[in-house]
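The block underneath contains the structure these notes are about, expressed in structure tokens.
FYI, the numbering just counts along the sequence from 1. Note that ligands are numbered from 1 as they come in the structure, with each ligand's atoms numbered from 1 the same way.
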Amino acid sequence: MGPVPDLDERARACAQRLHAADAVLLASHIDADGLTSAAIATTALERAGIPVETVFKKQLDETEIASIAAREYDTVLFTDFGSGQLDVIAEHERAGDFEPVIADHHQPADVATEYHLNPLLEGIDGASELSGAGASYLLARALAETAAADGGTVAGGAGAVDNRDLAGLAVVGAVGDMQAVGGELVGANRAIVEEGAEAGVLAERTDLAFYGKQTRPLPKLLEYASEVRIPGISNDETGAISFLDGLDVDLRAGGDWRRWVDLSDDEQQTVASALVQHALKRGVPAKKVDQLVGTTYTLEAEPEGTELRDASEFSTLLNATARYERADVGLGVCLGDREGALERARHLLENHRRNLSEGLERVKSQGVERTDHVQYFDAGDEIRETIVGIVAGMALGVEGVDPDRPIIAFARKNDEETKVSARGTARLVGQGLDLSAVMREASRAVGGDGGGHDVAAGATVPAGREADFVDAADAIVADQLG
Ligand code: C5P
Ligand code: C5P
Ligand code: C5P
Ligand code: ZN
């Protein structure tokens with residue numbers, strides 16, 4: 001199977017445990033990675049003939065775990081969360097409420113359990129080398145393998161026999177969790193890309209690094225690109241149009257602008273070269289200009305010109321559903337509903353885009369407060385707690401926000417609780433930053449709880465304790481970076 005035998009060993013043990021279950025309750029996280037994790041695991045369980053019911057949770061806390069324990073299921077599979085809450089889960093296991101199987105990539109709590117698949121347990125980075133969907137994919141591969149070894153048959157079409165056709169969803173999950181390092185998937189993620197390519201469901205190519213190559217009309221593709229700022233084009237509708245009109249290629253079709261995918265290779269080459277020339281002439285540093293081109297992952301079985309074809313666009317489409325209490329819609333899309341679910345997801349996407357852009361504008365105009373080692377803003381009710389982390393990540397890099405200092409964002413959850421999201425950079429992590437520890441320790445110091453990854457983490461704290469939380473976080477970051 002995969003490149004890491006010890007991880008495969010864990011996957012096999014989990015798969016065997018699942019094969020022994022009469023039915024499985026699957027609980028997963030409400031973001032792109034959690035949705036793809038659930039879709040991969042649900043598909044693999046169904047193909048193996050194991051009945052499964054799927055539920056989604058905003059976060060896994062004591063109350064949510066108790067509600068899972070109250071269900072009649074003996075076996076509960078947690079995907080894209082569970083490791084960080086292992087202490088609570090293990091208590092239920094000891095009480096005989098259910099037996100847990102976990103496929104996750106978050107920092108594990110310091111408790112051991114038998115069926116636990118997590119890259120961090122084998123020295124693999126859970127923020128850049130394997131996502132929740134990747135862990136679920138390894139589990140799916142093992143489920144097919146153990147089914148075959150049992151002499152059982154696996155339902156599904158060609159390519160489905162070994163579950164390698166699920167590699168596309170695994171890549172969407174990894175990209176959705178921003179696991180690409182310098183634009184490229186590495187480590188165990190890379191092995192999944194290779195399996196997907198062999199199975200014919202994935203292609204990796206070097207292409208323009210902008211978001212929206214499948215669906216955005218060319219002027220919007222260039223105008224909205226935030227990856228590399230190009231004076232006279234970025235955030236400049238007129239500029240983007242006049243740049244395109246000045247090229248010796250017909251970029252319109254019947255009055256409408258074409259999209260990047262509609263262009264031939266030669267036409268793409270012409271536009272890309274002109275973009276590079278324009279950027280250099282406008283003084284964009286060569287190092288930045290290099291970033292105009294990057295690695296793109298396409299799902300080859302999906303129709304060209306749709307969000308589903310591009311891993312990055314697909315993941316945003318999924319976030320637009322699950323983070324707005326419509327995980328059912330996103331799961332439907334992942335499971336192949338190309339009618340009702342896709343229509344609804346596109347509708348939700350418009351709303352999500354608007355919220356992200358309004359959220360970012362708000363941070364720009366309101367600005368951030370600085371302490372010695374962190375910066376923070378309080379969005380109150382103005383940004384949904386389920387997307388405030390995405391906005392915080394996008395804010396690192398806008399004017400008025402230090403791109404090289406951890407950012408902490410608060411949003412109101414309810415009268416009693418405040419949601420906290422924190423984001424850092426690879427460079428800071430290289431210097432010792434671990435936001436997972438910062439969020440866990442600082443939140444516990446004020447009566448809350450949290451966790452996550454070194455580069456991105458979150459917490460819930462009692463309302464009113466935000467300032468104390470910032471002080472605690474500042475001290476911990478000082479320690480880590482000092
Ligand atoms: O839910 P959790 O693992 O699944 O989500 C990871 C979060 O961390 C995402 O919101 C992603 O955007 C963020 N992240 C980041 N920078 C990275 C890696 C992840 O902001 N380098
Ligand atoms: O929503 P999601 O977490 O998938 O967004 C990941 C990244 O994709 C964002 O940080 C942003 O840079 C980019 N994005 C974008 N335009 C959108 C949505 C997302 O450029 N409408
Ligand atoms: O919610 P947010 O996008 O800020 O989450 C960033 C990361 O921290 C995600 O991987 C999420 O699962 C994790 N997290 C956590 N415990 C919390 C909140 C977030 O482990 N209470
Ligand atoms: Zn994840």
In this structure, are over 12 heavy atoms from other groups packed under 6.0 Å from E325 atom CD?
->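 It does not: E325 CD has 12 such atoms or fewer within range.
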The side chain to side chain contact (heavy atoms under 4.5 Å, CB included) partners of A311 (sequence neighbours excluded) come to V171, V172, V175, Y297, L299
Taking [X] first and then [Y], would you say they form a salt bridge - that is, a charged N and a carboxylate O separated by under 4.0 Å?
X	Y	answer
R384	E358	no
R10	E122	yes
E204	R190	yes
E223	R216	no
E382	R362	yes

Quick one: side chain to side chain donor-acceptor pair (under 3.5 Å) pairs with a partner in residues 392-403, sequence neighbours left out?
->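 Qualifying pairs: D402-R405.
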For the pair H105 and H453, name the ring-plane relationship: parallel under 30°, tilted 30 to 60°, perpendicular over 60°.
->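 Answer is tilted, since the angle falls between 30° and 60°.
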Give every protein N, O or S atom lying under 2.8 Å from the Zn ion (ligand 4), naming each by residue and atom.
->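 The answer, once waters are left aside, is D33 OD2, D80 OD1, H105 NE2, D177 OD2.
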Would you mind listing each N/O atom of ligand 3 next to any protein N/O under 3.5 Å, plus the distance?
from     : atom 1 : to   : atom 2 : distance (Å)
ligand 3 : 1 (O)  : K419 : NZ     : 2.6
ligand 3 : 3 (O)  : R423 : NH2    : 2.7
ligand 3 : 4 (O)  : S421 : OG     : 2.5
ligand 3 : 4 (O)  : R423 : NH1    : 3.1
ligand 3 : 8 (O)  : G451 : O      : 3.3
ligand 3 : 8 (O)  : G458 : N      : 3.2
ligand 3 : 10 (O) : H106 : NE2    : 2.7
ligand 3 : 10 (O) : H453 : NE2    : 3.3
ligand 3 : 12 (O) : H106 : NE2    : 3.1
ligand 3 : 14 (N) : G451 : O      : 3.4
ligand 3 : 20 (O) : G451 : O      : 3.3
ligand 3 : 20 (O) : G452 : N      : 3.2

